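This one's a predicted model, so the numbers in the text were calculated from it and none came from an experiment. In what follows, chains are A, B, ... by sequence order, proteins preceding strands, each numbered from 1.
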8 protein chains.
Amino acid sequence: MSERVLVGILMGSDSDLRVMAEAAATLDEFGVPHETVIASAHRVPERVRHYAIDAPRRGIEVLIAGAGQAAHLAGVLAAHVTLPVIGVPLSGGRGGVMGGIDALLATVQMPPGIPVATVAVDGARNAALLAVSILAAAHPERELYAKLARYREQMGQAVDEKNARLQQLGPRGYQGS
Amino acid sequence: MSERVLVGILMGSDSDLRVMAEAAATLDEFGVPHETVIASAHRVPERVRHYAIDAPRRGIEVLIAGAGQAAHLAGVLAAHVTLPVIGVPLSGGRGGVMGGIDALLATVQMPPGIPVATVAVDGARNAALLAVSILAAAHPERELYAKLARYREQMGQAVDEKNARLQQLGPRGYQGS
Amino acid sequence: MSERVLVGILMGSDSDLRVMAEAAATLDEFGVPHETVIASAHRVPERVRHYAIDAPRRGIEVLIAGAGQAAHLAGVLAAHVTLPVIGVPLSGGRGGVMGGIDALLATVQMPPGIPVATVAVDGARNAALLAVSILAAAHPERELYAKLARYREQMGQAVDEKNARLQQLGPRGYQGS
Amino acid sequence: MSERVLVGILMGSDSDLRVMAEAAATLDEFGVPHETVIASAHRVPERVRHYAIDAPRRGIEVLIAGAGQAAHLAGVLAAHVTLPVIGVPLSGGRGGVMGGIDALLATVQMPPGIPVATVAVDGARNAALLAVSILAAAHPERELYAKLARYREQMGQAVDEKNARLQQLGPRGYQGS
Amino acid sequence: MSERVLVGILMGSDSDLRVMAEAAATLDEFGVPHETVIASAHRVPERVRHYAIDAPRRGIEVLIAGAGQAAHLAGVLAAHVTLPVIGVPLSGGRGGVMGGIDALLATVQMPPGIPVATVAVDGARNAALLAVSILAAAHPERELYAKLARYREQMGQAVDEKNARLQQLGPRGYQGS
Amino acid sequence: MSERVLVGILMGSDSDLRVMAEAAATLDEFGVPHETVIASAHRVPERVRHYAIDAPRRGIEVLIAGAGQAAHLAGVLAAHVTLPVIGVPLSGGRGGVMGGIDALLATVQMPPGIPVATVAVDGARNAALLAVSILAAAHPERELYAKLARYREQMGQAVDEKNARLQQLGPRGYQGS
Amino acid sequence: MSERVLVGILMGSDSDLRVMAEAAATLDEFGVPHETVIASAHRVPERVRHYAIDAPRRGIEVLIAGAGQAAHLAGVLAAHVTLPVIGVPLSGGRGGVMGGIDALLATVQMPPGIPVATVAVDGARNAALLAVSILAAAHPERELYAKLARYREQMGQAVDEKNARLQQLGPRGYQGS
Amino acid sequence: MSERVLVGILMGSDSDLRVMAEAAATLDEFGVPHETVIASAHRVPERVRHYAIDAPRRGIEVLIAGAGQAAHLAGVLAAHVTLPVIGVPLSGGRGGVMGGIDALLATVQMPPGIPVATVAVDGARNAALLAVSILAAAHPERELYAKLARYREQMGQAVDEKNARLQQLGPRGYQGS
């Protein structure tokens with residue numbers, strides 16, 4: 001029996017998978033059921049709208065939307081649902097000539113009433129981690145707080161190990177290794 | 001008998017009227033029937049969608065959309081119709097802390113397939129003039145090319161008259177006058 | 001008996017209250033227990049750290065942090081807890097010479113591993129609404145989804161009423177009214 | 001007998017063809033007769049001026065101008081005709097060190113009275129699609145609305161097919177395929 | 001008998017006089033004959049063109065052009081003459097929402113072959129001083145190098161006097177004085 | 001007997017005193033002997049050069065330079081001395097149309113070999129505090145580390161007191177107080 | 001007998017030759033005697049100062065300065081001479097991470113009194129052409145106006161020839177050729 | 001017996017070594033004992049805090065912190081110590097899509113009370129030179145002023161030698177060599 005999807009990851013184009021696949025992979029690490037969907041706010045607006053309206057009925061609790069340039073996808077989703085919507089501004093793809101500042105402003109500068117939780121340009125992993133932290137309180141059985149704590153701990157250990165190695169080898173030795 | 005509306009002017013908030021009313025006034029000067037509508041892409045998305053879908057059926061031929069911050073209104077309209085959509089990025093209103101550069105990028109940087117004809121920040125008058133020039137070919141009986149030519153001529157004459165007065169008074173005299 | 005605080009609203013300076021008080025007021029509208037705290041990441045780093053570490057123990061589920069310039073407050077909180085942290089970049093206050101773009105980038109561009117859910121510059125109301133939507137799933141008894149839906153509906157009605165009045169009065173009449 | 005050209009595509013340098021050829025190709029898809037011309041506002045100003053003045057006499061109804069850096073071409077055309085002028089800011093070419101933000105501002109920030117319909121940086125395809133939508137009302141025999149609808153439909157189907165394939169293969173499978 | 005005009009100062013609108021009148025006043029200080037003209041590249045393109053083409057025949061040796069937004073005036077002049085053209089990007093006026101960065105980029109980013117000598121945003125005085133230094137070599141009888149040296153000396157003395165006064169009064173005393 | 005000056009505070013114009021006087025006032029709080037000098041890198045370059053060359057001979061140990069627009073003052077000083085030079089980019093004054101981003105980049109982006117220690121736009125107080133921390137190690141008798149610690153403590157207490165008052169009055173009460 | 005140098009081309013680093021050599025080559029085309037000098041405003045400030053002070057005595061009439069990042073070279077020269085100084089902001093070299101916007105602002109935003117004639121980022125050729133147009137009036141025997149006119153004509157012919165070829169081959173054929 | 005470390009160089013990630021190793025190498029040239037540490041403000045906040053608090057006890061006198069994106073490391077250190085903290089904004093690494101402008105603003109725009117001495121984007125060498133100049137006064141036995149003077153002299157000589165070679169070979173010869 002398939003599990004209820006908790007997070008929907010949407011993106012406007014398959015070229016966005018390059019970045020957005022990391023959101024899916026990160027949710028996999030946390031055992032959070034999710035789905036990845038290609039659906040452009042501009043090219044298939046009706047499907048995006050239906051997806052947004054259906055999402056709460058299907059039990060989805062968080063949406064993640066990645067888009068570039070005049071990035072409207074997260075805002076359009078947020079206009080149709082009251083679920084938390086996480087926006088990932090994307091730097092790349094065709095026309096990606098501005099380092100993602102266009103996508104960042106088009107995602108984050110939402111008017112009062114309709115928030116989008118925006119992460120860094122190309123910050124797909126952080127979007128997933130934010131989704132996990134949002135889900136944590138309502139899903140104690142998933143032990144997401146504990147998993148996040150462990151994730152943080154491992155991240156810290158990785159930093160510590162690199163530092164330990166740097167202390168051994170020195171800057172030059174480390175770079176050459 | 002009321003005339004068919006040719007241009008729909010939309011804006012997200014009544015505070016945008018400060019700028020957008022100039023689009024309506026300019027269309028009045030050209031005798032182009034139009035309507036002005038407050039309809040936010042984020043707060044009343046269904047009404048915006050219906051407006052867009054209905055517009056061609058009602059005989060509307062051009063849409064003008066003014067919005068600030070993460071300005072999605074023009075893009076959302078453009079996603080639902082193939083009529084020319086003119087976007088006016090707005091600098092002001094609440095949260096208008098960036099001089100409109102956020103609204104400009106969110107309006108103009110549309111992805112391939114769904115164009116928005118963007119004018120200058122707060123450029124409502126130019127949006128109307130662009131609409132007039134778009135309507136001109138299909139409505140020869142309205143003599144819009146001729147009216148645009150006259151409008152240009154008057155604009156030029158106004159510049160010439162100011163210049164003539166400047167030649168008479170000199171820079172200091174002109175400023176004091 | 002006092003209720004458990006669910007949302008902690010922090011800001012670096014009392015001058016930030018001008019914007020951040022709206023987050024508190026919005027949470028009041030939704031009946032979400034919260035507290036507002038002045039605590040600068042740079043001036044009282046230990047208190048910020050203790051606040052962050054204590055927050056989960058005290059039952060707080062979401063943190064909102066407003067800061068300007070090199071806005072580190074949200075990031076510092078996020079480094080110490082795995083709760084969702086919402087960042088509000090602030091444009092104003094002393095040294096607020098860049099329209100908040102400095103605060104926006106310093107808040108949103110978090111490195112992989114430590115997300116901050118960023119809203120628009122000065123977007124305190126949206127921060128509160130985002131907090132409400134995050135709390136909704138874990139607190140069904142608070143009926144936050146229903147309250148959010150009602151909030152949206154009222155927002156939409158307000159837009160519709162303004163539009164109805166605009167249709168009656170026309171752009172010029174509306175502006176003069 | 002050769003058909004009347006409806007759209008003139010101008011660019012300042014042959015290096016702009018890299019982007020602007022897509023405008024020509026897109027107009028070909030829609031069967032809209034057009035011509036592509038190299039004519040710099042700064043290097044051959046008289047030819048640009050004559051082109052602009054002659055364009056309405058020759059029956060041209062829309063102009064598309066692509067230019068980079070201090071992109072004046074669209075504005076200069078717009079100063080001489082009342083036809084709709086579409087501006088394509090170009091990011092590349094020599095001196096293209098700013099991701100096209102210079103060309104975008106130099107194209108879009110036209111003063112009141114002389115509009116330029118600006119599309120995204122390097123948005124040549126959208127310039128052509130905008131031209132098609134502008135021509136549609138005046139040329140019912142060309143069935144441009146229907147063609148645009150079909151174009152949109154195909155774009156949507158392409159998105160849907162990619163999505164269907166993604167559902168089959170999953171993010172990792174899709175990327176590897 | 002009226003003297004030959006050596007510098008032509010052009011601007012697109014009489015509202016630009018607020019800044020540009022300082023160029024005229026500065027040329028007066030140096031006794032350089034000049035004229036001030038209102039002539040918009042977009043609204044009276046033919047007059048601008050004729051002005052540019054006539055300028056060398058009339059003995060004008062330097063042009064100064066002030067314009068805001070998509071500031072094309074200097075570039076258009078430069079396309080028609082080989083005289084040195086000095087561009088003054090203007091921050092203000094209607095639509096001046098970007099602090100003049102749009103006008104700066106539209107003025108300075110000229111393509112290879114057609115230079116515009118650009119000064120600071122609203123830098124009308126410097127435009128005049130630059131014109132004086134350009135004229136100096138060809139007009140030894142006007143003793144412009146000497147006058148420029150004296151101007152510099154006086155500027156330096158003014159700084160020195162302010163400093164002397166500051167040393168007397170101290171920062172607080174000086175500000176209160 | 002007058003004390004040896006340890007910090008020289010320079011600025012290009014007396015209008016910069018509005019901001020830079022705070023550096024002097026802050027050094028007064030710490031009992032650090034200093035002098036404030038008006039000396040423009042562009043208008044009195046020789047005096048700036050002599051000041052820089054003389055500074056080490058006079059026993060000055062830190063220089064603070066405040067300048068706006070194309071802010072060269074700090075860089076010019078740094079080219080002539082190996083003392084630590086602190087740069088304060090200034091937003092205001094005439095031509096201050098860009099919120100100080102021009103002054104920031106012109107101050108901080110120094111080429112390899114000649115550093116300038118840059119603080120925030122208009123950050124004169126921080127420039128002084130940085131100077132104090134630089135002087136601390138070489139002047140143990142001045143107990144600057146202890147004074148800095150006390151300054152920090154007081155800053156922290158001020159934040160704590162404001163917070164305590166906020167807890168008493170609540171956000172609304174605090175703002176009204 | 002060697003000819004008097006009329007234009008001095010300075011740059012801060014030999015890596016700038018990549019761009020600045022084009023200024024020298026362009027002056028060669030016009031037969032204008034010039035010299036190219038490496039002299040950093042920050043690393044050899046005394047040599048730069050002497051160069052500036054000596055330049056008028058040596059008969060040099062125009063200075064061209066290319067610099068990147070916090071580009072002070074042109075401003076430092078302009079502080080020491082009243083000759084026209086042309087600034088070329090450079091995008092590249094080490095630390096050239098901002099597309100030259102830092103160098104542009106540091107070059108162009110000069111304070112009132114000390115102008116720098118700024119050209120486009122990396123615009124070395126235009127700097128040379130501007131120098132030629134500045135020299136033209138004082139050196140009639142060099143026939144620089146005539147040479148500039150011929151240069152413009154050839155530039156225009158080159159554009160026309162490319163256009164003629166494009167008309168023959170069409171956009172696709174031209175790109176493939 | 002190992003020498004007391006005077007400068008601590010911290011960075012958030014080992015990928016920052018690419019830039020930051022130059023700070024260590026430069027301190028080596030000056031014989032200043034230092035250590036290089038990987039310690040992220042977000043991933044190992046406790047270690048960073050302990051490092052900062054311990055630094056003065058261990059006799060460290062200057063801290064250098066390199067970080068990218070929402071670069072908080074320098075600010076977090078500065079919040080915990082009153083030692084001079086030098087911040088190096090980093091352009092690169094993952095998510096480095098904005099040329100370091102995000103890191104620059106997040107590093108330099110510190111609020112009043114807590115300064116960070118910021119150098120250019122990727123300016124690790126200048127950070128080290130600034131540290132040397134800060135240490136010079138308190139460590140006369142290290143003769144750092146003399147070493148800095150020699151360093152400057154060599155830098156100047158290198159420029160002079162390149163210039164001499166350029167005078168011999170000419171621009172074309174130099175580039176080909």
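Heavy-atom neighbours of chain D within the stretch residues 156-177 of chain E, taken at a separation under 4.5 angstrom, are nonexistent. Inspection of non-hydrogen atoms places A41(D), H42(D), R43(D), P45(D), E46(D), R49(D) of residues 24-49 of chain D under 4.5 Å from chain E.
Between chain E and the options V76(D), I114(D), L104(D), the largest number of non-hydrogen pairs under 4.5 Å is found for I114(D). Counting heavy-atom pairs closer than 4.5 Å to chain D, the top residue among P111(E), A103(E), G113(E) is P111(E). Between chain E and the options G75(D), G68(D), G12(D), A71(D), the largest number of non-hydrogen pairs under 4.5 Å is found for G75(D).
One distance of note links CD of Q109(D) with CG of L105(E); it measures 11.0 Å at 0.5 Å rounding. Taking OG1 from T107(E) and CG from D102(D), the interatomic distance works out to 12.0 Å, rounded to the nearest 0.5 Å.
Heavy atoms closer than 4.5 Å to chain E are found in the side chain of I53(D), but not in its backbone. Within the 4.5 angstrom heavy-atom criterion, no atom of A67(D) approaches chain E.
Looking at Q69(E) and P112(D), their side chains come closer than 4.5 Å, going by heavy atoms from C-beta outward.
Considering every non-hydrogen atom in both A106(E) and A70(D), the closest pair reads O-CB, 3.3 Å.
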